[in-house]
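This report concerns only the one structure given below.
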Amino acid sequence: MTAPVRETGNRAVVAAMVDALNEADIERFVSYYTDDVDVDIVRFGRHLKGARAVGKWIEDAFDALDGFCNDVVGIYGDGEVIALEVIARGTATRPFARREVGEPLDAQEVYIYTFRDGKIADVRAY
């Protein structure tokens, strides 16, 4: 049996950010983003500007989805651009992410992160 691969560099930042999300530590989650981060959530046609907006977005997800978490499928890339593939999970407690109350979320998602000075400065979510 092989030991798990330890991520390094910006891949490690993405892994730590997902860990913070899965631990519901929103303050730590947001700390991985620049204050002026741009986030485009393509499938919903939504744009967020700034780390504070990212925090509110995640707070809203936790409020709307019981058991909200991201299961990592893979972290790809090197350098300043990293891709993250996850399965977002939870059960809707109110209409959210095109789900009705009681409907499970089991969504494959891909995030493309561009880094600046060790923090996430740009996100495209698909």
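These numbers come from a predicted model, not from an experiment. Side chains included, hydrogens not; waters and symmetry mates left out as well; all remaining heavy atoms used.
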Measure up the Phe29 and Tyr33 rings against each other and bin them: parallel (under 30°), tilted (30 to 60°), perpendicular (over 60°). tilted
Are Asn10 and Tyr113 packed together at the side-chain level, in the sense that at least one heavy-atom pair is separated by less than 4.5 angstrom? no
Quick one: do Arg28 and Asp19 satisfy salt bridge (Lys or Arg N to Asp or Glu O under 4.0 Å)? Show the steps, please. CA-CA 9 Å; Arg28 185 165 49 105; Asp19 287 344; 5.9 Å; no
Got a second to check how far Thr114's OG1 is from Ile120's CD1, nearest 0.5 Å? 9.5 Å
Would you sort out whether Val37 and Lys119 count as a side-chain contact (heavy atoms from CB on, under 4.5 Å), showing the intermediate values? CA-CA 9 Å; Val37 64; Lys119 289 193 170 195; over 6 Å; no
When rounded to the nearest 0.5 angstrom, what is the spacing between CE in Met17 and CG in Asn22? 9.5 Å
Do Lys49 and Asp38 make a side-chain contact, defined as non-hydrogen atoms from C-beta onward lying under 4.5 Å apart? yes
Exactly one candidate in Asp122, Asp35, Asp36 meets salt bridge (charged side-chain N to carboxylate O under 4.0 Å, His left out) with Arg116; the answer is Asp36
Nearest 0.5 Å, please: how far is CD in Glu85 from CD1 in Ile75? 11.0 Å
Inspect the surroundings of NZ in Lys56 and state if more than 12 heavy atoms from other residues, nucleotides or ligands are less than 6.0 Å away. no
Please find the pair of heavy atoms, one from Arg43 and one from Arg98, that lie closest to each other, and give the distance. O-NH2, 2.9 Å
Shortest non-hydrogen contact from Ile112 toward Ala83: CD1-CB, 3.7 Å
Under a 3.5 Å distance rule, please check whether Thr91 uses its side chain to pair with a backbone N or O of Pro104 as donor and acceptor. no
If every non-hydrogen atom of Val54 is compared with every non-hydrogen atom of Leu48, which pair is closest and at what distance? CA-CD1, 4.4 Å
Same cluster (ILVMFWY, side-chain, under 4.5 Å), Val39 and Val110: no
Should Tyr32 and Val72 be counted in the same cluster of Ile, Leu, Val, Met, Phe, Trp and Tyr side chains packed under 4.5 Å apart? yes
Is the number of heavy atoms from other residues, nucleotides or ligands under 6.0 Å of Arg52 CZ greater than 12? no
CD of Glu103 to CG of Leu65, rounded to nearest 0.5 Å, is 10.5 Å
Is it true that a side-chain atom of Arg11 and a backbone atom of Gly77 form a donor plus acceptor pair closer than 3.5 Å? yes
Inter-residue atom distance Leu105.CG - Ile87.CD1, 0.5 Å rounding: 10.5 Å
Closest approach of Val18 to Asn70 (non-hydrogen atoms, all atoms of both residues): CG1-O, 4.0 Å
Would Phe115 and Val14 count as a side-chain contact (heavy atoms from CB on, under 4.5 Å) here? Give the steps. CA-CA 10 Å; Phe115 281 77; Val14 170; 3.8 Å; yes
In short, Ala61 meets Phe96 closest at the heavy-atom pair CA-CZ, 3.6 Å
Atom pair OH/CG of Tyr126 and Asp40 - distance to nearest 0.5 Å: 8.0 Å
Any idea how Phe62 and Phe68 line up, ring-wise: parallel (<30°), tilted (30 to 60°), or perpendicular (>60°)? perpendicular
Does a side-chain heavy-atom distance below 4.5 Å link Ile82 with Leu84? no
Would one find more than 12 heavy atoms of other residues, nucleotides or ligands at under 6.0 Å from atom CD of Gln108? no
